[in-house]
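Just so we're on the same page: letters track the sequence lines, and every chain starts at 1.
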Amino acid sequence: MTASNPMLDHTLQDPPKLPFEPLIQKNAVITEARWVRRSLTAAALIFLLGFLLLPLISVFVEALRNGIGAYFDAIVEEDALAAIKLTMTVSLIAVPLNVVFGVTAAWAITKHSFRFKQLLITLIDLPFSVSPVVSGLIYVLIFGAQGWAGPWLMAHDIKILFAVPGIVLATIFVTFPFVARELIPLMQAQGTDDEQAALSLGANGWQVFWRVTIPNIRWGLLYGVLLCNARAMGEFGAVSVVSGHIRGLTNTMPLHVEILYNEYNFSAAFAVASLLAMLALLTLGLKSLLEWRHGEELAATRKH
Amino acid sequence: MTALSAAPDLPVKSLKHRSVMPGFGLSLGFTVFYLCLIVLIPLAGVFLKTADLGWGGIWHVVSSPRVDAALRLSFGAAAIAATLNAIFGLLVAWVFVRYDFFGKKLLDATIDLPFALPTAVAGIALTALYSGNGWVGQYLEPLGIKVAFTPLGVIVAMTFIGLPFVVRTVQPVLEEAEKELEEAAASLGATRWQTIMRVILPAILPALLTGYALSFARAVGEYGSVIFIAGNLPMKSEIAPLLIIIKLEEFDYAGATAVAATMLVISFLMLLVINLLQGWSRSRSGAKK
């Protein structure tokens, strides 16, 4: 081994002389020296643990700082329960609507060919590139007191902004592309052969959709629903703009965390935050499970 | 149902090619309707409102010292965060694709944590960690490094939320990279370092730039994870999205829209530049992907 320049260890001029490490010897020309591999791996792991995992751990530690009793008190407190209920309600409305949209859009885009298809796909992705705050702003411009529809809504006593409908709208906007963008690459890869076979055997459109397409895309659909739901429940910026922060009425869980935190009620803030962190962990767990179990079927989806 | 299965007879047939697949009119119609209702019409509102203001009005808002400082901070911090993400994201992607180690599968799932963790939760957790008495902050403070409630905190939060974008765009490209090319380079006498710089890096550069762009765009617009750690001092650590909210709370819709439109336009221009760079590096390296 040339100790002077370890980078040259495994090049052809200097063939590997490490018979006790057969694995490395086999791929020696297309990998790095052992110390390089070890230090790169260590650097990546330290970064991941220290930078990504530490915040997650700190959520739970901070939440339990004042004991398990205080933790549960913060969660079953009236406003916290109202926030949990509102978050559930909003995501129960927003996610199904986006699922219907996502499946329909993916059907139109992948099972048919038409002009302006690429433009349509770009427009569907648009909400991803808009700041959450701007996503909220657009609804304030329409429904706000000085917005276009504001005076009319006020005259008819319809509340959209600073009420549940506004929160639902903003949530639908920010989670808009999730299901569609999971399904489009998947259904594109699957093509229309299965559907055409069913049609030629006499099935009608709806039968083909429910009996052929849906079973084909179920795991990809579940994957999209999972991500869509995580974002819907966790959305902060867009909802913050349209909610009005009325305790017990228009406060979702993330907004409740903010209010508690700004009141210096840290352990309560972290207690509610820990529920959201558990949701994130559950989402990641189910997502990985889907990837391991049904990786083949999701293969087209994963590369985004 | 007959109308659905008889696709060629649909009135929209000029828009599409003939096909036996049913449901074109219904599915495309609903898609476009929902898209317009939720996304396009509301977004058009921003531009209508901006047009109301005119160039003079926008300039008046944007050139005010506070807005100017906020825009500089948002874009500057986002550029630094995206650069950090490109470096660390490449490192993480490389290690996960090329090396084997204990717990790899489990750790791979945690890379997506910033996607899954609600931004408000990430925000308060990062603040707790990096404040003067936090787990990390207590070691940095004696060194004279203040993270929480400074622009540095903004960069930390933006780096946290942007990391998966780089890893998840580079990873698949690295996985599919042909090892034969590296073997060929080695057999022609290239050192490992030369192979990495001249064979591997050009192949993954477009993906790396895409990851950079995505992470940059996300960081510029990010609100939830940043506002807790930023401290939000006007002129110092106040980000542009927060300024939009402050203006809305003052019922200054025009001002809020001007800031939002400026952000949208600058982001769009920067993404355009990165797209051009990407096209250039793609054509230069002759890569397929």
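Contact annotation for A/N98: both backbone and side-chain heavy atoms come within less than 4.5 Å of a heavy atom of chain B. Neither the backbone nor the side chain of A/V103 comes within contact range of chain B; no heavy atom of the residue lies under 4.5 Å from a heavy atom of that chain. For a residue to count as touching a neighbouring chain, one of its non-hydrogen atoms must lie under 4.5 Å from one of that chain's; by this rule A/L49 touches chain B with the side chain only. Residue A/A180: no heavy atom, backbone or side chain, is found under 4.5 Å from chain B. For A/K287, the part lying near chain B is the side chain, with the backbone staying farther off; criterion is any non-hydrogen pair under 4.5 Å. For a residue to count as touching a neighbouring chain, one of its non-hydrogen atoms must lie under 4.5 Å from one of that chain's; by this rule A/S240 touches chain B with the side chain only. The contact between A/L276 and chain B is made by backbone and side chain atoms together, counting heavy-atom distances below 4.5 Å. Proximity to chain B is limited to the side chain of A/S288, based on heavy atoms less than 4.5 angstrom apart. Using a 4.5 Å cut-off between heavy atoms, A/V257 contacts chain B through its side chain alone, with no backbone atom that close. For a residue to count as touching a neighbouring chain, one of its non-hydrogen atoms must lie under 4.5 Å from one of that chain's; by this rule A/L40 touches chain B with backbone and side chain alike. With a 4.5 Å cut-off on non-hydrogen atoms, A/F173 touches chain B through its backbone and its side chain both. Residue contact with chain B, scored on non-hydrogen atoms closer than 4.5 Å, involves the backbone and the side chain of A/I124 alike. Only the side chain of A/I142 has a heavy atom closer than 4.5 Å to any heavy atom of chain B. In this structure, chain B has heavy atoms under 4.5 Å from both the backbone and the side chain of A/Q146.
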Run A/F51 and B/T159 through side-chain contact (heavy atoms from CB on, under 4.5 Å) and show every step you take. CA-CA 9 Å; A/F51 200 67; B/T159 312; 4.0 Å; yes

Verify side-chain contact (heavy atoms from CB on, under 4.5 Å) between B/Y99 and A/E32, making sure each step is shown before the conclusion. CA-CA 10 Å; B/Y99 306 149; A/E32 288 73 45; 2.4 Å; yes

Under the side-chain contact (heavy atoms from CB on, under 4.5 Å) criterion, do B/V95 and A/R37 qualify, and how do the steps go? CA-CA 8 Å; B/V95 167; A/R37 281 183 285 134; over 6 Å; no

Run the side-chain contact (heavy atoms from CB on, under 4.5 Å) check on A/E258 and B/I227 step by step: do they pass? CA-CA 10 Å; A/E258 184 198 19; B/I227 51 156; 4.0 Å; yes

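Taking chain A as the reference chain and counting heavy-atom pairs below 4.5 Å, the highest number among B/Y223, B/F165, B/F251, B/Y253 is found for B/Y253. Heavy-atom pairs under 4.5 Å with chain A peak, among B/L126, B/L264, B/L163, at B/L163. Ranked by heavy-atom pairs under 4.5 Å with chain A, the list B/D112, B/L40, B/I41, B/L106 is led by B/D112. If you tally non-hydrogen atom pairs under 4.5 Å between each of B/F160, B/F101, B/F96 and chain A, the highest count goes to B/F160. Looking only at heavy-atom pairs under 4.5 Å with chain A, the residue among B/P241, B/A128, B/G123 that has the most is B/P241. Top candidate by heavy-atom pairs under 4.5 Å with chain A, chosen from B/L43, B/V46, B/I244, is B/L43.
Atom NZ of B/K179 has 12 or fewer neighbouring heavy atoms from other residues, nucleotides or ligands inside a 6.0 Å radius.
Here the side chains of A/L227 and B/F115 are not in contact, with every heavy-atom distance at 4.5 Å or above. With contacts defined as side-chain heavy-atom distances shorter than 4.5 Å, the pair A/V133/B/L248 does not qualify. Between B/L107 and A/L45, the closest side-chain pair of non-hydrogen atoms falls below 4.5 Å.
If you take CG on B/L37 and CD1 on A/I172, they are separated by 9.0 Å, rounding to the nearest 0.5 Å.
Classification of the B/F24-A/F114 ring pair by plane angle, with boundaries at 30° and 60°, yields tilted. Aromatic ring pairs are classed by plane angle as parallel below 30°, tilted from 30° to 60° and perpendicular above 60°; the pair A/F47 and B/F88 is parallel.
Closest approach of A/W148 to B/G45, counting heavy atoms only: CH2-O, 3.2 Å.
Formation of a donor-acceptor pair under 3.5 Å by the A/H112 side chain with backbone atoms of B/P22 is found in this model.
You'll find the ring centres of B/Y34 and A/F176 inside the 6.0 Å limit.
By a heavy-atom distance cut of under 4.5 Å, A/A269, A/F270, A/A273 are the residues of residues 267-274 of chain A near chain B, going up by number.
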